[in-house]
Amino acid sequence: MTVKYGQQPSSKQIRQAFLDFFASKGHQVVASSSLVPHGDPTLLFTNAGMNQFKDVFLGFDKRAYTRAASAQKCVRAGGKHNDLENVGYTARHHTFFEMLGNFSFGDYFKRDAITFAWELLTEVYALPKERLMVTVYAEDDEAYDIWHQEVGVPADKIVRIGDNKGARYASDNFWMMGDTGPCGPCTEIFYDHGAHIPGGPPGSPDEDGDRFIEIWNNVFMQFNRDEAGVMHPLPKPSVDTGMGLERIAAVLQGVHANYEIDLFQALIKAAARETNTADLNSPSLKVLADHIRACSFLIADGVIPGNEGRGYVLRRIIRRAIRHGYKLGSRSAFFHQLVQDLVAEMGEAYSELVSHQARITEILKQEEDRFFETIENGMQILEAELATKPAIFNGDLAFKLHDTFGFPLDLTADICRERGITVDTAGFDAAMARQKDQARAAGKFKMATNLEYDGQATTFHGYDKLDTPAKVLALYKDGSAVNLLNEGDMGVVVLDETPFYAESGGQIGDSGELKSANGIFAVEDTQKIQAAVFGHHGVLKTGTLSVGDGLTAKVNLQARANTMRNHSATHLMHKALREVLGEHVQQKGSLVDTEKTRFDFVHNAPMTDAEVAKVEALVNAEILANVATQARVMDIESAQKTGAMMLFGEKYGDEVRVLDIGSSRELCGGTHVSRTGDIGLFKITGESGVAAGVRRVEATTGEGALKLVQVQQALLNQLATELKAPAQELPAKMGQVMDHVKSLEKELARLKSKLASSQGDDLAAQAQEIHGVKVLAAALDGADANTLRETMDKLKDKLKSAVIVLASIADGKVTLAAGVTADLTAKVKAGELVNHVAGQVGGKGGGKPDMAMAGGTEPAHLPQALASVQTWVTTKLN
């Protein structure tokens with residue numbers, strides 16, 4: 001494969017040559033991990049090649065190999081690593097990019113890492129050595145000597161970078177995973193684009209220029225930093241490297257900016273095609289080319305547009321792309337059309353683009369259609385404000401654009417930046433805070449959850465007990481701590497021990513009873529006051545209850561049993577949905593109570609009847625197998641190794657509960673049946689859409705499912721009786737009934753048409769002549785809109801030159817039709833006339849100059865409104 005400098009290798013060839021080279025050096029080529037980091041709450045998106053090996057570097061995981069290489073998908077568009085605002089304005093910033101990396105887990109170290117890098121760059125890629133220079137950490141004499149004495153890089157091409165951030169080791173060339181833990185020096189390799197590009201070498205005052213571009217960074221994990229800041233040598237030092245594919249492609253393809261490489265040029269041309277843009281140098285086309293990559297890969301990895309977290313970042317990127325398309329003249333959905341071009345460019349390397357192409361396209365189109373409904377109005381408001389040339393864009397208005405028209409703050413800021421204007425972000429934040437305060441004030445919560453408590457934690461026994469002795473640790477009434485509750489008081493009880501499950505993970509809290517020698521407290525719900533403190537919410541039915549009282553806490557057995565059945569079925573349903581619809585199915589929310597399970601998940605199309613039936617069959621097969629349920633508590637790393645499903649967005653502690661139900665294995669802290677057979681029966685009751693790319697399934701189990709089947713059977717029997725046909729013949733019988741109904745509807749329409757014709761003959765005689773024009777305003781009893789239109793056509797034919805208004809009243813509403821013959825439309829407009837009449841009967845309407853319709857809600861005023869027509873027409877004809 002030819003990848004040499006000056007021979008225009010493709011990005012695909014450059015990527016493959018990198019992986020092939022390190023495979024030849026004994027590295028395991030590892031596929032890119034998802035852009036959604038599993039089990040790492042510190043990251044919003046995967047942003048470096050080492051992310052998937054983090055636990056290996058920390059010693060929590062061990063692989064079958066000690067050398068690895070990868071081409072990793074990365075996104076930097078949210079959280080700490082956010083390049084979004086720079087995309088389209090610089091030569092090398094992207095939301096999505098590919099990081100080529102090689103890694104050593106206690107295997108080779110500095111010498112091999114440096115020589116591998118040099119061999120690949122100067123022999124495989126054949127870069128001119130005189131164009132390369134390197135940096136090392138100022139104190140890393142070992143790396144300096146390898147570069148200078150062994151590799152042969154001249155001393156004037158090696159720059160020592162010291163501590164330039166106010167503390168030792170606070171250097172661009174010293175990497176740290178955190179304040180403590182693995183760290184070490186790094187050596188970077190730079191490419192000199194030539195003296196015609198402004199900028200100086202690394203370490204110089206002009207280093208931020210574009211002449212010398214970092215293409216590769218080799219990090220040497222050499223030390224473990226303790227809490228006192230002391231560096232301890234690691235027993236097995238490791239290597240983590242990263243080289244941006246886009247940057248090295250620019251070098252090898254002889255261009256300066258990343259957007260000039262083959263990958264981007266193909267996408268820029270596609271964006272120009274869809275926006276009808278002739279200028280291929282337009283910065284907006286660069287934005288579109290960049291953003292289609294980020295959006296498509298994120299959706300392929302399960303992210304969908306939303307209002308929070310990763311979904312909100314995706315929505316921001318999509319809407320930023322739409323705005324740039326709007327800027328280029330697009331006024332309807334276009335962005336989704338670029339998916340096919342991206343698949344053509346990158347589908348071979350990333351098969352997920354191919355398998356999810358239809359879904360990516362559909363989700364992007366849905367999001368485009370939604371935003372295009374409001375972008376024009378929002379842009380008009382924004383442009384009107386910018387026309388006043390403010391020094392700072394009003395924060396309240398920025399919030400209005402966000403709240404009413406869906407303009408994320410950074411989109412408004414992006415538009416303002418093009419005009420040299422900043423946004424009052426403090427004002428925006430204040431407006432956002434006011435809205436949240438108003439929402440909280442308007443909310444009606446039956447129970448307080450912000451109770452102050454600093455006592456001991458609650459010990460939960462509810463996995464294996466439904467009643468237990470307990471002691472009252474605290475009482476609350478009206479949100480304040482009290483020592484005593486009296487009969488009839490609503491309050492919250494905190495116990496030292498409890499069998500009550502507190503609402504969590506979508507499962508509702510338990511209900512039941514707290515019974516002491518002095519009174520009975522009815523528990524209506526159980527909520528967590530703190531992570532390990534349970535609040536039992538309810539009312540004191542009899543007697544009194546005091547802090548320190550001993551009592552028996554007893555859960556409502558029937559309610560718990562129903563909830564457990566529904567919760568356990570949810571796990572089985574989740575797995576079945578993934579089997580039937582695809583691995584892209586991910587939970588986006590759930591609610592499990594005594595009546596049902598409600599499950600929201602990622603999928604971009606309604607489920608078919610066949611798919612619903614298949615899911616039901618799979619779940620009920622698991623129920624019939626009657627396999628025992630198993631729950632194990634283990635550390636998070638061990639849980640990951642078991643293959644347990646971890647839900648995106650969930651926060652897990654150091655210890656987790658791994659639950660096996662049938663063939664399903666998930667992390668879950670909820671309560672569940674002992675065996676799958678305890679669920680009894682599973683039946684889906686509904687399927688619907690709740691947001692773009694999110695579907696909702698509701699189902700029930702046990703007695704609920706039985707009742708549902710019985711109700712459906714009763715309805716079927718009733719229909720069979722009414723239609724006088726056996727149940728199995730109902731579809732054919734219904735077909736006959738519908739055919740008969742259609743026949744009757746046709747006959748009714750024919751009779752209405754005949755009636756209209758006869759009424760037309762009668763009404764024509766009522767027309768008044770004004771300046772040679774026949775004017776008619778009349779009401780037709782029992783006429784619908786179609787009858788009015790047909791009568792109007794017949795009257796026009798009969799009267800030749802006429803202005804006509806017809807009306808009817810049905811169910812307390814007025815229907816109006818106005819007609820003007822072609823010879824009069826220059827003077828009299830049907831739309832204006834119908835609005836004149838409609839305004840008097842509480843309505844409005846419109847249409848073409850020769851025909852218009854309207855409605856109204858005040859039929860009592862119709863006679864007066866019709867009487868006004870002659871005067872109105874007279875003024876138009878004068």
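Put simply, the side chain of Glu376 never gets that close to the backbone of Glu373: no donor and acceptor are under 3.5 Å apart. Using modelled atom types, no side-chain atom of Arg310 and backbone atom of Val36 make a donor-acceptor pair closer than 3.5 Å. Panel note: side chain Gln52, backbone Ser32; no donor-acceptor pair is recorded below 3.5 Å. Side-chain atoms of Arg76 never come within 3.5 Å of backbone atoms of Thr95 as a donor-acceptor pair (strictly under, hydrogens ignored). Between the side chain of Thr374 and the main chain of Phe371, a donor-acceptor pair closer than 3.5 Å is present. When atom types are taken as modelled, the side chain of Tyr476 and the backbone of Glu452 share a donor-acceptor pair closer than 3.5 angstrom. Looking only at distances, no side-chain donor or acceptor of Asn276 sits under 3.5 Å from a matching main-chain atom of Ala272. Checked by atom type and distance alone, the side chain of Ser330 never pairs as donor or acceptor with a backbone atom of Ser332 at under 3.5 Å.
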- Item | CA sep, side-chain torsions, deciding dist, call: Gln72, Ser33, side-chain hydrogen bond (donor to acceptor under 3.5 Å, both in side chains) | CA-CA 7 Å; Gln72 175 64 51; Ser33 64; 3.2 Å; yes
- Message: Run Leu288 and Phe334 through side chain to side chain contact (heavy atoms under 4.5 Å, CB included) and show every step you take.
- Response: CA-CA 11 Å; Leu288 294 174; Phe334 71 94; 3.9 Å; yes
- Where do Glu98 and Tyr350 land on the side-chain hydrogen bond (donor to acceptor under 3.5 Å, both in side chains) test, with the steps shown first? CA-CA 11 Å; Glu98 293 180 76; Tyr350 297 100; 2.5 Å; yes
- Task: Test Val75 against Thr46 for side chain to side chain contact (heavy atoms under 4.5 Å, CB included), laying out the working first.
- Result: CA-CA 6 Å; Val75 162; Thr46 298; over 6 Å; no
- Item | Derivation and outcome, side chain to side chain contact (heavy atoms under 4.5 Å, CB included), residues Met379 and Phe407 | CA-CA 9 Å; Met379 286 298 296; Phe407 279 49; 3.8 Å; yes
- Task: Determine, step by step, whether Gln587 and Ser590 satisfy the side-chain hydrogen bond (donor to acceptor under 3.5 Å, both in side chains) criterion, reporting the C-alpha distance in whole Å, the side-chain angles of both residues, the deciding distance to 0.1 Å, and the verdict.
- Result: CA-CA 8 Å; Gln587 180 177 334; Ser590 67; 3.3 Å; yes
- Would you check, one step at a time, whether the test salt bridge (Lys or Arg N to Asp or Glu O under 4.0 Å) holds for Glu362 with Lys365? CA-CA 5 Å; Glu362 179 61 26; Lys365 187 176 187 305; over 6 Å; no
- Query: Could you go step by step and tell me if His584 and His603 meet the side-chain hydrogen bond (donor to acceptor under 3.5 Å, both in side chains) rule?
  - Reply: CA-CA 7 Å; His584 65 273; His603 190 57; 2.8 Å; yes
- Between Lys73 and Glu352, is a side chain to side chain contact (heavy atoms under 4.5 Å, CB included) present by the stated rule, with each step listed? CA-CA 12 Å; Lys73 302 176 294 185; Glu352 62 268 34; 2.6 Å; yes
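Phe599 and His574 have their aromatic ring centers within a separation under 6.0 angstrom. Taking the six-membered ring for Trp and the full ring otherwise, His94 and Phe264 have centroids separated by under 6.0 Å.
In this structure, Leu577 and Met607 have side chains that are in contact, with non-hydrogen atoms separated by less than 4.5 Å. The side-chain heavy atoms of Val303 and Leu35, taken from C-beta on, include no pair separated by under 4.5 Å. Side-chain contact check for Phe428 versus Thr412: every heavy-atom pair is 4.5 Å or farther apart. Between Ile292 and Leu364, some side-chain heavy-atom pair lies under the 4.5 Å cut-off. In this structure the side chain of Arg419 reaches within 4.5 angstrom of the side chain of Glu383, judged on heavy atoms. Residues Phe372 and Tyr326 have side chains in contact (heavy-atom distance under 4.5 Å, counting atoms from C-beta outward). At a threshold of 4.5 Å between non-hydrogen side-chain atoms, the residues His291 and Phe96 do not count as touching. Side-chain contact between Ile363 and Pro305 is present, with at least one heavy-atom pair separated by less than 4.5 Å.
Between atom SG of residue Cys74 and atom CZ of residue Phe45 there is a gap of 12.5 Å, rounded to the nearest 0.5 Å. Interatomic distance, CD of Gln840 versus CG of Asn835, reported as 11.5 Å (0.5 Å rounding). Rounding to the nearest 0.5 angstrom, the gap separating the CD atom in Gln265 from the CG atom in Leu285 is 10.0 Å. Taking CD of Glu246 as the start and CG of Leu263 as the end, the distance is 7.0 Å to the nearest 0.5 Å. With rounding to the nearest 0.5 angstrom, the CD1 atom of Ile299 is 9.5 Å from the CG atom of Asn604. With values rounded to the nearest 0.5 angstrom, Phe297 atom CZ is found 5.5 Å from Leu342 atom CG.
Residues forming a salt bridge (Lys or Arg N to Asp or Glu O under 4.0 Å) with Lys400 (at least two apart in sequence, or on another chain): none.
Under the 3.5 Å distance criterion, with hydrogens and angles disregarded, a donor-acceptor pair is assigned to the side chains of Glu503 and Gln527. No donor-acceptor contact under 3.5 angstrom links the side chains of His537 and Glu524, judged on distance only. Using a 3.5 Å distance cut-off with no hydrogens or angles, the side chains of Asp414 and His324 do pair a donor with an acceptor.
The two residues Pro37 and Leu44 make their nearest non-hydrogen contact at CD-O, 3.6 Å. Pairing each heavy atom of Thr275 with each of Gly325, the nearest pair is CG2-CA, 4.4 Å. When every heavy atom of Ala502 is checked against every heavy atom of Lys528, the shortest pair comes out as CB-CG, 3.5 Å. Summarising the geometry of Ile317 relative to Cys295, their closest heavy-atom pair is CG2-SG, 3.5 Å, with the distance given to 0.1 Å. Nearest heavy atoms, Gly855 versus Ala838: O-CB, 4.1 Å. Residues Ala333 and Asp369 come closest through the heavy atom pair CB-OD1, 3.5 Å.
The pair Arg293-Asp290 does not count as a salt bridge, with every side-chain nitrogen at least 4.0 angstrom from each carboxylate oxygen. By the 4.0 Å N-to-carboxylate-O rule, Asp410 lies too far from Arg320 to be salt-bridged with it. Taking the charged nitrogens against the carboxylate oxygens, Arg695 and Asp600 have no contact shorter than 4.0 Å, which rules out a salt bridge. Salt bridge absent: Arg319 and Glu368 never bring a charged side-chain N and a carboxylate O closer than 4.0 Å. Salt-bridge formation is detected for the pair Arg434/Asp396: a Lys NZ or Arg NE/NH1/NH2 atom is positioned less than 4.0 Å from an Asp or Glu carboxylate oxygen. Comment: Arg598 does not engage Glu698 in a salt bridge, judged by the lack of any side-chain N to carboxylate O separation of less than 4.0 angstrom. Taking 4.0 Å as the cut-off between side-chain N and carboxylate O, Glu687 and Arg696 do not count as a salt-bridged pair.
The number of heavy-atom neighbours closer than 6.0 Å to CG of Asp454, taken from other residues, nucleotides and ligands shown, is 12 or below. No more than 12 heavy atoms of other residues, nucleotides or ligands shown are found within 6.0 angstrom of CD on Glu595.
Applying the salt bridge (charged side-chain N to carboxylate O under 4.0 Å, His left out) test to pairs two or more places apart or on separate chains, those with a residue in residues 325-345 are Arg273-Asp341, Lys327-Glu418.
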